[in-house]
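In what follows, chains carry the letters A, B, and so on, assigned in the order in which the sequence lines appear, proteins first and then strands, with residues in each chain numbered from 1.
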Amino acid sequence: MRLSRDAHRLILLALPVSVFALAFFLVPLARLAIVAGQGPKGIAAYASIVTEPRHFESMLVTLGLALAVTLTALGLATVAGLFLSRHQFPGRQLAIAVLTLPLAFPGVVVGFLVIMLGGRQGLIGAITQALGGGKVVFAYSLAGLFVGYLYFSIPRVILTVMASAEKLDPALEEAARSLGASPLRVLKDVTLPGLAPGLTAAGAICFATAMGAFGTAFSLAANIDVLPMTIYTEFTLNANIAAAASLSLVLGAVTWSALFLARSLAGAPAAAAV
Amino acid sequence: MRADATTIELNRCGKTFADGTRALEPLDLTVAAGETVVLLGPSGCGKTTLLRLIAGLEAPDAGGRVRFNGEDVTGLPIERRAVGMVFQSYALFPNMSVRENIAYGLRVRKLDKGEIAARTREMLEMMQIGQLAERRVHQLSGGQRQRVALARAIAVRPRVLLLDEPLAALDAVLRDRLRVEIDALLRRLAITAVYVTHDQAEAMMLGDRIVVMSAGQVEQAGTPREIYRNPATPFVADFVGTVSRIATAAGVVLLRPEDIRLCEVAAGRAAATVETLHFLGGRCQVGLIGGDGARLIADAPPDTPLKPGARVGIAWDDAAPLRLPLMEAAQ
């Protein structure tokens with residue numbers, strides 16, 4: 001059977017990305033899956049996320065943190081993004097630049113910034129001490145991680161909200177108002193449904209990033225073991241390679257599911273809105 | 001539907017935007033109860049801004065007042081003015097069905113379920129879109145969408161109906177049909193309506209009165225007949241209908257195409273050369289070049305024997321030329 005010229009061309013064009021995916025993604029992933037099952041516990045290593053209390057707790061903390069960061073970032077960034085896309089004022093460009101600045105920093109630097117703010121020598125500690133309330137230090141706790149993750153999550157959501165808001169027909173909100181809807185009602189019935197596909201997508205990216213963030217956790221985490229830190233510890237300190245591999249796969253599966261779910265949720269209404 | 005139609009009064013309503021652009025010079029305008037007024041003008045003339053002032057989507061500059069039946073509504077936002085709005089982009093809610101769109105204003109007003117259902121059904125029937133009730137907005141054609149938008153706007157029984165170029169996004173055939181429907185609807189409801197358009201045919205057909213605007217000012221307000229036969233300014237003469245300017249010994253004469261009679265050169269008051277001929281069905285549109293090089297447009301019978309290049313005379317009745325008060329003052 002002869003392939004058509006188009007089919008040949010298609011194969012040729014798909015070849016580089018296929019090779020890349022095979023070499024740097026599928027092969028290592030398969031190897032990881034095998035390694036995870038070859039430890040002293042065998043296949044049971046996969047269950048360690050529920051059987052091993054330390055791993056289970058780490059998973060819960062990471063999930064909770066990622067969810068909290070996602071919801072907070074969506075809330076804050078929706079307000080800011082809507083405001084920025086609806087109003088023209090002097091310094092608007094500067095405000096956008098400052099709000100999206102965290103995109104320029106790696107996680108380690110974000111962690112460093114959090115320490116400058118809420119660490120043992122931090123600004124907030126110095127202020128509360130001067131006010132006589134004792135030194136407040138939060139950088140090395142869950143609160144510090146939360147602040148750090150939030151900091152680098154907000155820009156992505158703001159940019160998505162702004163892009164979605166600019167695509168919304170302003171006449172939609174005006175029509176709702178002409179029918180008697182209060183501003184809050186318009187937000188609930190028109191604006192948020194219009195932004196929903198964009199918010200879902202941004203939320204999923206936000207969640208995935210928070211699940212897998214390592215740099216910030218590494219520079220902060222004295223007390224907290226989020227999942228990426230646990231993997232790192234198992235791998236380097238305990239040399240428990242099978243556990244590290246199984247946790248990696250679980251982390252990947254959770255994150256990938258969240259992204260997949262969001263895409264199928266966002267896809268339907270987004271297509272319907274066209 | 002309402003016996004108590006609303007009068008709209010604007011006093012000294014101007015609009016300057018934050019960046020200093022003057023969109024509207026301060027103006028006065030009264031729309032009588034039950035009347036349809038069309039705001040007509042090119043884009044950027046201020047007609048949409050004027051409509052938005054009436055709607056409450058924009059506030060007039062200091063000193064401006066908007067009154068509905070004598071009640072000062074200047075400080076009321078749109079959601080408390082009880083106006084129905086129809087937009088060029090239809091602005092239907094994509095997350096709701098046709099029925100939910102029409103019922104939205106009734107739900108916001110917290111009417112009871114039976115009343116909402118009954119009035120929604122009434123609207124669906126009136127606009128002949130009953131079979132579309134459960135469709136999503138993206139499944140509708142442009143004409144269907146605009147019918148839903150009209151139904152949604154009048155379902156709440158607004159005091160006034162405001163339409164912002166509602167037909168501009170439709171193709172020609174559909175536009176003609178919906179124009180007739182809107183005209184019938186406005187007569188039937190006897191509602192006070194303000195209709196914005198840049199299409200003079202639409203304005204002539206729908207308007208009890210037409211307000212011709214240009215550069216943020218009212219050029220002329222009057223019935224379609226007054227505007228066409230007695231334009232107040234050269235702008236109005238050119239924007240509403242076609243006008244030819246013919247130089248004669250007594251000065252420049254302005255003529256509508258239907259008032260120009262083409263005849264033998266010797267019998268004419270002026271002469272011109274036929275340049276183009278366009279057969280339009282009921283008549284032929286003749287493009288001519290006058291002695292001074294000016295372009296003229298005249299109507300001829302559909303079976304006219306004229307050919308491009310022919311020399312013709314131009315005649316007209318003494319009563320035919322348009323008389324522009326401003327132009328006469330200038331001459």
Which atoms of B:R136 approach chain A - backbone, side chain, both or neither, heavy atom under 4.5 Å = neither
Work out which heavy atom in A:A181 is nearest to a heavy atom in B:E79; give both atom names and the distance.
-> O-CB, 3.5 Å
Would you mind checking which part of B:F93 comes under 4.5 Å of any heavy atom in chain A, side chain (CB onward), backbone (N, CA, C, O), both or neither?
-> both
If you look at every heavy atom in A:A171 and B:S89, which pair is closest and at what distance?
-> CB-OG, 3.7 Å
Among A:P193, A:G180, A:S182, which has the most heavy-atom pairs under 4.5 Å with chain B?
-> A:G180
CZ of A:F89: more than 12 outside heavy atoms within 6.0 angstrom?
-> yes
Is A:D169 reaching over with its side chain to a backbone N or O of B:L92, donor-acceptor style, under 3.5 angstrom?
-> no
For atom CZ of B:R80, is the number of surrounding heavy atoms from other residues, nucleotides or ligands below 6.0 Å larger than 12?
-> no
Shortest non-hydrogen contact from A:R177 toward B:L57 | NH1-CD2, 4.2 Å
Chain A contact via B:R52 - side chain, backbone, both or neither, heavy atoms under 4.5 Å | side chain
Got a sec: does the CD of B:Q128 have more than 12 other heavy atoms crowding it under 6.0 Å?
-> no
Residue A:E57 excluded, over 12 heavy atoms near CD under 6.0 Å = no
Would you call A:L172 and B:P94 a side-chain contact if the rule is heavy atoms closer than 4.5 Å?
-> yes
Say you draw a straight line from CD1 of B:I102 to CG of A:L179; how long is it, rounded to the nearest 0.5 Å?
-> 11.0 Å
So, the part of B:L106 with a heavy atom under 4.5 Å from chain A: the answer is neither
For B:F17, does the CZ atom sit with more than 12 other heavy atoms under 6.0 Å from it, leaving out its own atoms?
-> yes
